[in-house]
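Naming: A, B, ... by sequence-line order, numbering from 1 per chain. Heavy-atom basis, side chains included; hydrogens, waters and symmetry copies ignored.
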Protein chains: 2
Amino acid sequence: MQESKINLLIIDDHQLIIDGIKGLLQDENDIDLIMEANNLTQAIEVINKNFINVALVDISMPENSGIEVTRKLKEISPETKILALTMHEDIQNITDMIEAGASGYIFKRTSMDEVLEAIRTIARNEKYLSRNVQAVLVENMRHKSEVIQNSAKEKVNLSEREREILGLIAKEFSNEEIANRLFISERTVEAHRRNIFTKTKTKTIVGLMKFAMKNNLIDFNNEF
Amino acid sequence: MQESKINLLIIDDHQLIIDGIKGLLQDENDIDLIMEANNLTQAIEVINKNFINVALVDISMPENSGIEVTRKLKEISPETKILALTMHEDIQNITDMIEAGASGYIFKRTSMDEVLEAIRTIARNEKYLSRNVQAVLVENMRHKSEVIQNSAKEKVNLSEREREILGLIAKEFSNEEIANRLFISERTVEAHRRNIFTKTKTKTIVGLMKFAMKNNLIDFNNEF
DNA sequence: TAAAACCTAAGTGCCAGCACCTATTTTATT
DNA sequence: AATAAAATAGGTGCTGGCACTTAGGTTTTA
């Protein structure tokens, strides 16, 4: 399945790291060309002159963050696959990089073998997340549910009608509109609204929306 | 790093699949015991009698969904690592299973080699997401950003101050409180508020909150 | 069968948010 | 130097949301 040779570009502001990686990779016979760049400008220059399959981006770079670099490179050369190499092990960084267009993400504390495997994987147009990264993602998913469970520990039981009205509130209908829609009095809507606030222990619509979000009572994204 | 032998439990309502997997794994010398169960009740029975390192759960089971099974097994035997084997390739299923406590997730269309690798990986207390699953996760992260970019294509440029005030609104402060906090007049806060509404093309606080959510201008989860 | 929860609804009054207007000072941007 | 954008702030008036109260009919549950 190994297609052709890989043209690699290493982008890092630390020349030492570039040299290190280069040394470790240059014996691999499926990696043809290894270019290097210390910043975005140099990287763009390289990419404009050579066809690069894989760019290894260290996102701890000072001036342009790795996210910026990734976005920019993807813009000018969408075929180039980007592998993020970083010491930032938080989810935000991972998701940001992937949103920016990275095909793979590995932590600096992983072995060089994995770097090589990652390069080959994303060169084949697959995705690569190192074990560590997978662990972070999994932990995050689990954590999210824990947060929800904790915050909703005192199980809020909104009635059918209350949920319905909460949904309409979230859809930006006024009490009057809700009343008309449901063929009930505005007074009744107000009563429901009050009960919803009481049950959810919230005081403002903003608070209520946050509550609804956290408890997945409404979803902001898919609607409308 | 291979610790000891692995005790495996295969849970699937299709006996054929159990037999198939069993046949393919019984030659592996690091897999000691292979038990089987066709449903949750049987699985619980097995787990109560034997120590199981890894449970391979097919979540397409009719009666109790794999999610239920996973939750239940994790409850009665937290040390047992769970590997989800499924034909459902959507994110919801993946996240649900992981939230329920699965340590790994693989699609049915992956090779048996990967199943074996996955079993060994999670037996070592690591996480395992197959390449396919990684692809789905990555695609999902990217897709999210696309949605955001589309809906916010007309790049909303809130000023520094406006962002600050938006943040305070999201923290449920009233105009008066915001005014006091920032040492400005309530009139000014109102003016900013109006400008924010205009710029974001929203009309109600609910709409504004949805906008802010989508554009990551505020984050509902981490705050407070 | 009684109690609890739910859905319904009217009255009354308060005020925060908002509309619409105007205007000065400061800070980019060209 | 000039134009634009942002931040500041006062006035005035309307109203939707909310508090607080009361109450009757229905459904669920203990």
Find the distance [X]:[atom1] to [N]:[atom2] and express it as a whole number of Å.
| X | N | atom1 | atom2 | result |
| --- | --- | --- | --- | --- |
| B/L166 | D/dA7 | CG | C1' | 17 Å |
| A/I169 | D/dG17 | CD1 | P | 9 Å |
| A/R194 | C/dA9 | CZ | P | 14 Å |
| A/I205 | C/dC15 | CD1 | C1' | 14 Å |
| A/N195 | C/dA9 | CG | P | 14 Å |
| A/I196 | C/dA5 | CD1 | P | 17 Å |
| B/E172 | C/dG17 | CD | P | 12 Å |
| A/K199 | C/dA4 | NZ | P | 16 Å |

Between [Y] and [X], is there a salt bridge with N-O shorter than 4.0 Å?
| X | Y | value |
| --- | --- | --- |
| A/K203 | B/E172 | no |
| B/E160 | B/R163 | no |
| A/E190 | A/R193 | no |

Would you indicate, yes or no, if [N] has its OP1 or OP2 atom less than 4.0 angstrom from a side-chain nitrogen or oxygen of [X]?
| X | N | result |
| --- | --- | --- |
| B/H192 | D/dT8 | yes |
| A/S159 | C/dA5 | no |
| A/K203 | C/dA16 | no |

Which nucleotide, C/dC7, D/dC18, D/dA7, lies nearest any side-chain atom of A/E160?
->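 Minimum distance to the A/E160 side chain belongs to C/dC7.
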For A/R193, report the nucleic acid contact type (base, sugar-phosphate, nothing); a contact means any heavy atom under 4.0 Å.
->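 Result for A/R193 = sugar-phosphate.
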Could you tell me whether the side chain of A/K199 and the main chain of A/F197 form a donor-acceptor pair under 3.5 Å?
->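 Not a single qualifying donor-acceptor pair exists.
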Taking for each residue the nucleotide of DNA chain D bearing the nearest heavy atom, is the 5' side occupied by B/I165 or by A/E190?
->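 Per heavy-atom nearest nucleotide, the more 5' residue is B/I165.
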Residue-level proximity of residues 173-188 of chain A to DNA chain D when a heavy atom falls under 4.0 Å =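 Under 4.0 Å from DNA chain D: A/S174, A/N175.
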Strictly by modelled atom types, are B/Q134 and A/E126 linked by a side-chain donor-acceptor pair under 3.5 Å?
->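 No, A/E126 and B/Q134 have no side-chain donor paired with an acceptor closer than 3.5 Å.
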Modelled atom types, side-chain donor and acceptor of A/E176 and A/N180, under 3.5 Å |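 The criterion, which ignores hydrogens and geometry beyond distance, is not satisfied for A/N180 and A/E176.
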Salt bridge (charged side-chain N to carboxylate O under 4.0 Å, His left out) involving A/R194 - partner list, sequence neighbours excluded |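 Salt bridge (charged side-chain N to carboxylate O under 4.0 Å, His left out) check on A/R194 returns nothing, list empty.
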